[in-house]
Amino acid sequence: MTATIRPVKGTRDYYPEDMALRAWLYDQMRHVSELFGYQEYQAPILEPIGLYAAKSGDELVEKQSYVFEDRGGDRITLRPELTPSLARMVAQRQNQLAFPLRWWSFGPFWRYERPQKGRTREFFQWNIDLIGDPSPEAEAEIVAIAAAFFKQVGLRSDEVQIRVNDRRLLAKELESIGIPEQARTPLLGLIDRKDKLSPEAWILQTKDIGLANAQIDSLNELLANKELWRGSESLERFFQAIEAFGASEYVVFEPSIIRGLQYYTGTVFEAWDTAGEFRALFGGGRYDNLVSDVGGKPVEAVGFAVGDLVITLLLQSLGRLPELAKSPTDVFVTLFDVSLRDKSFAIMNALREAGIRVAGQLTSEKLGKQFKYADRIGAKLAVILGPDEAAKGKVGFKVLATGEQGECTESEMIAKVRQLLEA
RNA sequence: GUGGAUGUAGCUCAACCGGCAGAGCGCCGCACUGUGGAUGCGGUUGUUGAGGGUUCAAGUCCCUUCAUCCACCCCA
């Protein structure tokens with residue numbers, strides 16, 4: 001064990017059963033994306049460091065990105081997020097794309113930080129964006145997609161919740177209670193962390209920023225007001241559309257949702273498990289400046305990102321993981337001995353040409369072991385060709401789940417196998 | 001980057017005050033040389049993460065180091 005080379009810190013090996021689960025999640029993401037008419041795309045995993053310098057959080061770029069020099073001396077980053085790459089792709093073909101764009105992607109990302117529960121250094125993420133539509137209805141569509149995804153994977157609205165806010169609304173409200181401009185940015189960061197702080201620490205830290213007692217009271221009142229959105233035309237329209245899209249049971253207004261990324265310009269949202277056991281399931285919002293920041297003409301955009309890991313942990317803790325096949329094997333073809341090898345191989349071939357998924361014994365082994373193997377890999381059916389069957393021009397079969405056994409002629413085999421697999 | 005916890009068989013974990021390294025599961029074999037999953041019997045599995053120190057004696061105490069986990073920070 002000491003001799004094996006360790007995996008890179010924060011990476012995760014996906015053994016076949018883990019991979020089957022990730023592939024299943026990917027399928028659900030694809031399904032929901034396509035239900036809303038979104039197209040899949042892929043961006044490079046390597047990007048120049050400069051792409052992120054513009055607008056991501058400072059800490060993200062300076063401390064949490066994997067950066068190295070390639071052989072030509074260029075500074076390369078393992079992408080820590082997708083949105084800047086998307087912005088570049090849009091900017092590069094801005095004049096030939098059919099707006100609004102409905103695009104989605106799934107792939108690996110890297111972030112150099114201490115791994116912990118629900119977080120690794122290499123992780124996989126689903127990104128989905130609607131680009132070129134400034135309306136609150138566009139935001140509602142994106143949030144409705146998130147709700148549809150939860151339904152698709154079997155998470156109910158009493159288990160997960162999408163919390164929505166609008167940074168513009170909050171900025172206006174902070175101004176109205178007399179919070180000076182220079183205090184607003186640090187205050188927003190503090191509000192974002194409020195539920196992690198004790199009430200005492202919260203008051204202490206708001207005072208540090210320079211708020212008076214009366215202002216803290218107003219602020220607390222503001223953050224407790226779940227009806228605050230009714231003052232905002234865009235949020236009114238947003239919630240009306242959410243209702244019409246059938247997503248309202250999953251969506252609530254929450255004035256303390258801010259999000260850390262600097263590039264969000266308006267609506268922001270996060271999804272959480274209602275039990276509060278895990279970190280955010282996904283986060284997103286409106287980012288209208290990003291395309292122009294990478295050199296394009298200004299385009300409005302809204303989107304979100306979901307990691308595979310927290311969703312998986314949540315489904316697991318709720319006992320909601322799907323039962324996936326152990327392997328794609330439908331049929332296991334046994335091998336009696338060397339004299340029947342070619343004939344057994346020909347049977348494997350015939351079944352495969354009929355589109356049936358077959359694994360088969362390649363070298364001589366006791367039949368008992370072959371059946372055990374067939375069982376362990378989850379084959380539904382075993383096909384047996386021994387001297388007795390061969391003498392009669394027949395093949396034997398066995399349904400592994402029930403032990404039911406029988407024979408049929410070689411010419412009947414494919415039809416028989418198909419029939420047994422469907423049962 | 002800061003703080004805390006934990007490293008013992010393939011896996012999950014025991015081992016009293018420092019006194020012969022164990023159990024369950026798994027795996028292998030046999031009962032059952034043409035039949036898996038059940039059962040019974042038998043067997044295998046170790047540099048106790050690594051290095052050093054104290055001691056008659058270290059899984060256990062001390063130091064160093066590495067790794068993992070948890071929280072903070074941060075969160076695409």
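Per chain, numbering begins at 1; letters A, B, ... match sequence-line order. Worth saying up front: this structure is predicted, and the values here are computed from it rather than measured.
In this structure, a donor-acceptor pair under 3.5 Å is present between the side chains of A:Arg279 and A:Gln116. Neither side chain, A:Glu365 nor A:Gln370, offers a donor N or O lying under 3.5 Å from an acceptor on the other. Side-chain atoms of A:Thr11 and A:Glu122 form no donor-acceptor pair, as typed in the model, at a separation below 3.5 Å. Residues A:Trp202 and A:Asn220 bring a donor and an acceptor atom of their side chains to less than 3.5 Å of each other. Judged by distance alone, the side chains of A:Asp288 and A:Tyr264 never bring a donor and an acceptor atom under 3.5 Å apart. A donor-acceptor contact closer than 3.5 angstrom links the side chains of A:Ser256 and A:Glu254. In this structure, a donor-acceptor pair under 3.5 Å is present between the side chains of A:Ser85 and A:Glu47.
Map A:Arg279 and A:Pro7 each onto its nearest nucleotide of RNA chain B; the residue landing nearer the 5' end is A:Pro7. Each of A:Glu277 and A:Phe109 lies near RNA chain B, and the nucleotide nearest A:Glu277 is the one positioned closer to the 5' end.
The OH atom of A:Tyr263 sits 11 Å away from the P atom of B:rC75 (whole-angstrom rounding). The CG atom of A:Leu313 sits 14 Å away from the C1' atom of B:rC70 (whole-angstrom rounding). The NZ atom of A:Lys9 sits 10 Å away from the C1' atom of B:rC69 (whole-angstrom rounding). The CG-C1' distance, from A:Asn127 to B:rC75, rounds to 14 Å in whole Å. The separation between A:Ile258 atom CD1 and B:rC75 atom C1' is 15 Å, rounded to whole Å. In this structure, the CZ atom of A:Arg119 is 15 Å from the P atom of B:rU68, given to the nearest Å. In this structure, A:Leu309 places its CG atom 14 Å from C1' of B:rC69, rounding to the nearest Å. One atom, NZ of A:Lys117, and another, C1' of B:rC69, lie 11 Å apart when rounded to the nearest Å.
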Protein-to-nucleotide contact annotation, 5' to 3' order, nucleotides 27-40 of chain B [B base; S sugar-phosphate only; - none; under 4.0 Å, heavy atom]
SSSS---BBBB---
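Here B:rU6 sits opposite B:rA67 as a Watson-Crick or G-U wobble pair (both hydrogen-bonding atom distances under 3.5 Å). With a cut-off of 3.5 Å on both Watson-Crick or G-U wobble distances, the partner of B:rC28 is given as B:rG42. B:rC56 is paired with B:rG19 under the criterion used here, namely a Watson-Crick or G-U wobble arrangement in which both key atom distances are under 3.5 Å. For B:rU33, there is no paired base (Watson-Crick or G-U wobble, both distances below 3.5 Å).
Ring pair A:Tyr41/A:Trp103 is tilted by interplanar angle, where 30° to 60° counts as tilted.
Between B:rC13 and B:rU55, the two P atoms lie 36 Å apart (nearest whole Å). Rounded to a whole angstrom, the distance from the C1' atom of B:rG10 to that of B:rC28 is 13 Å. Comparing B:rU8 with B:rA67, their P atoms sit 16 Å apart, to the nearest whole Å. Only the C1' atoms considered, B:rU45 is 15 Å distant from B:rU12, to the nearest whole Å. Comparing the same atom, C1', in B:rU35 and in B:rA23 gives a spacing of 33 Å after rounding to whole Å. When the C1' atom is compared between B:rA58 and B:rC16, the two are found 16 Å apart, to the nearest whole Å. Comparing B:rC25 with B:rG43, their P atoms are spaced 15 Å from each other, to the whole Å. Using P as the reference atom, B:rG19 and B:rG59 are 10 Å apart when rounded to the nearest Å.
Between the side chain of A:Arg114 and the base of B:rU68, no donor-acceptor pair under 3.5 Å is found.
Phosphate proximity of B:rC74 to A:Arg193: present, with a side-chain N or O under 4.0 Å from OP1 or OP2. Checking the phosphate oxygens (OP1, OP2) of B:rC69, no side-chain nitrogen or oxygen of A:Gln116 falls inside 4.0 Å.
Checked against the 6.0 Å centroid criterion, the rings of A:Trp126 and A:Phe106 do not qualify as a close aromatic pair.
Base contact: A:Phe123 has a heavy atom under 4.0 Å from a base atom.
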